Amino acid sequence: MRYFLLLFLPRLAIAGACCVGGGPKSFIQLKDLQSYQLGVSSSFQDSYGRYNSYGELVETKANPLYTLSFGAGIKVTDDLDATLTIPSTGAVLVGTRYLLVRSLFRDEWYPTVHLSGGLGLPAGDKGWEPYFGVSFVKDYGFAILGMNGTYTRKFQRAGNLGKEGDRFEVSETGTFPLSQRLSFILGSAQFWELARSLGSSSIADTAARGVSASLAASYYLTRYWNMSASWEFSVPLSKIGVNKDATRTFTLTSGYSFY
């Protein structure tokens, strides 16, 4: 039955498979009819400057970072997914995503809505990091538009003197399918971090914000195997970022799905 349905949902199941509807936390995103998914993601990031506390973009020494991540996802029920993401640096992430509202037809005014939640496990000097999010996806003409919002609560790890500020993230994507296999994705993302704190007091001039833009391509080699490549960069405008590095990131991702 699943293979029969897949024949009538090529746009939803194939063309829009890369990034639309996913949150900023995990690259594993199960689509309709998929039961399991395995994936690997490799990214290289370097910095070309830093936004100081006044929003001025100043030159800094490059700080390249290479990350390799492995992920797995399972469809627990028709409406509930569970994922596990293991990076080579940073925290292991466990997450869930629940389908709250489904929009199957273009003439329906409302979008498909997912609720997400998860937990970043303690790593290095970081403590527990639970997160909560919501995403919206809707077909409009030739494009598939998506929007995601996430809030991450950061807890202090025992023995640390200071605590990182909580983080808010918003991202927008437009997916443009050229065929059942090939899609191009344009995106943007914004984040805000509250000031670091020491005890019950905030540390001055430590709040941060930033804006980035991205371009990606997604291609299905088969109905099961997907490859994607993305280029994301901090928008190089003064005042648009504060207390953050201006970075460029290139990412290659491969995922294999089971129906």
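The analysis underlying the following values was restricted to heavy atoms, covering all of them including side chains, and did not include hydrogens, waters or symmetry mates. Small disclaimer: the values here were computed from a predicted structure and weren't measured.
Remark: the backbone N or O of L194 is not paired with any side-chain donor or acceptor of D166 at under 3.5 angstrom. The closest donor-acceptor contact from the side chain of Q29 to the backbone of S26 lies under 3.5 Å. A distance-only check finds a donor-acceptor pair linking the side chain of S47 to the backbone of N63 [under 3.5 Å]. In this structure, N243 contributes its side chain and A207 its backbone to a donor-acceptor pair below 3.5 Å. Under the 3.5 Å distance criterion, the side-chain polar atoms of S88 are left unmatched by any main-chain donor or acceptor of T67.
Minimum heavy-atom separation, R102 to D78: NH2-O, 4.3 Å. Of all the heavy atoms in A216 and S230, the pair that sits closest is CB-CB, 3.7 Å. Contact record, T251 with S41: CG2-OG, 3.3 Å, taken as the closest heavy-atom pair. Contact detail for E129 and T152: the closest heavy-atom pair is CB-CG2, 4.1 Å. Closest approach of I28 to G39, counting heavy atoms only: CD1-N, 3.9 Å. Across all their heavy atoms, P236 and Y51 have their closest contact at CA-OH, 3.6 Å.
I185 places a side-chain heavy atom less than 4.5 Å from the side chain of S218. Residues V113 and V134 are in side-chain contact: their nearest non-hydrogen atoms beyond the backbone lie under 4.5 Å apart. S42 is listed as a side-chain neighbour of Y66, based on a closest heavy-atom distance under 4.5 Å. Residues W128 and P122 form a side-chain contact, since some pair of their non-hydrogen atoms from C-beta on lies under 4.5 Å apart. Annotation: side chain of V137 is not in contact with side chain of L145 (no heavy-atom distance under 4.5 Å). Two residues are said to be in side-chain contact when any heavy atoms from C-beta on lie closer than 4.5 Å; L84 and L93 fail this criterion. Counting heavy atoms from C-beta outward, L182 and Y220 have side chains that stay 4.5 Å or more apart. Considering only heavy atoms from C-beta on, S69 comes within 4.5 Å of F27 through its side chain.
In this structure, a donor-acceptor pair under 3.5 Å is present between the side chains of K138 and S103. Remark: the S212 side chain and the E232 side chain contain an N/O donor-acceptor pair separated by less than 3.5 Å.
Between R50 and the options T247, D245, T60, a side chain to side chain donor-acceptor pair (under 3.5 Å) holds for only D245. The residue from K31, H114, R97 that alone fulfils the side chain to side chain donor-acceptor pair (under 3.5 Å) condition with D81 is R97.
Under the 4.5 Å side-chain heavy-atom criterion for ILVMFWY residues, a single connected hydrophobic cluster contains both Y48 and L237. If you chain together hydrophobic residues whose side chains sit under 4.5 Å apart, Y259 and L221 fall into the same group. W225 and V40 are not part of a single hydrophobic cluster, where members link through side-chain heavy atoms under 4.5 Å apart. One hydrophobic cluster holds both I74 and L38 under the rule that ILVMFWY side chains link at heavy-atom gaps under 4.5 Å. Both L178 and L186 sit in one connected hydrophobic cluster of ILVMFWY residues. Membership requires side-chain heavy atoms under 4.5 Å apart, directly or through other members.
Interatomic distance, N148 CG to S135 OG, rounded to the nearest 0.5 Å: 5.0 Å. Once rounded to the nearest 0.5 Å, the distance linking OG of S257 with NZ of K75 reads 10.0 Å. Distance CD1/I144 to OG1/T175: 5.5 Å, rounded to 0.5 Å. Residue T222 holds its OG1 atom at 7.0 Å from CZ of R181, rounded to the nearest 0.5 Å. To the nearest 0.5 Å, atom CG of residue L30 and atom CG of residue L99 are 12.5 Å apart. In this structure, OG1 on T249 lies 3.5 Å from CD on Q45, to the nearest 0.5 angstrom.
Two rings, from F176 and F184, have their centers 6.0 Å or more apart. The aromatic ring centroids of F258 and Y256 lie less than 6.0 Å from each other. Taking the six-membered ring for Trp and the full ring otherwise, the centers of Y151 and Y131 sit at least 6.0 Å from each other.
Heavy-atom contacts from other residues, nucleotides or ligands closer than 6.0 Å to OH of Y54 number 12 or fewer. Within a 6.0 Å sphere centred on CH2 of W231, other residues, nucleotides and ligands contribute more than 12 heavy atoms.
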Could you walk me through whether L100 and Y98 satisfy the side chain to side chain contact (heavy atoms under 4.5 Å, CB included) test, starting with their C-alpha distance in whole Å, then the side-chain angles of each, then the deciding distance to 0.1 Å, before giving a yes or no?
CA-CA 6 Å; L100 182 65; Y98 177 74; 4.1 Å; yes
Could you walk me through whether T112 and F136 pass the side chain to side chain contact (heavy atoms under 4.5 Å, CB included) test, one step at a time?
CA-CA 6 Å; T112 294; F136 307 91; over 6 Å; no
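The hydrophobic cluster around L65 extends to none of the other residues, as no ILVMFWY side-chain heavy atom falls under 4.5 Å of it.
Stacking of R167 on the aromatic ring of F191 is recorded, both the 6.0 Å distance cut-off and the 45° axial limit being met. Cation-pi check for R248 over F250 is not met; the charged atom does not lie both under 6.0 angstrom from the ring centroid and within 45 degrees of its normal.
Remark: F132 pairs with no residue by the ring-ring contact (aromatic ring centres under 6.0 Å, His included) rule, at least two apart or across chains.
The pair K244-E193 does not meet the salt-bridge criterion, since no charged nitrogen lies less than 4.0 angstrom from a carboxylate oxygen.
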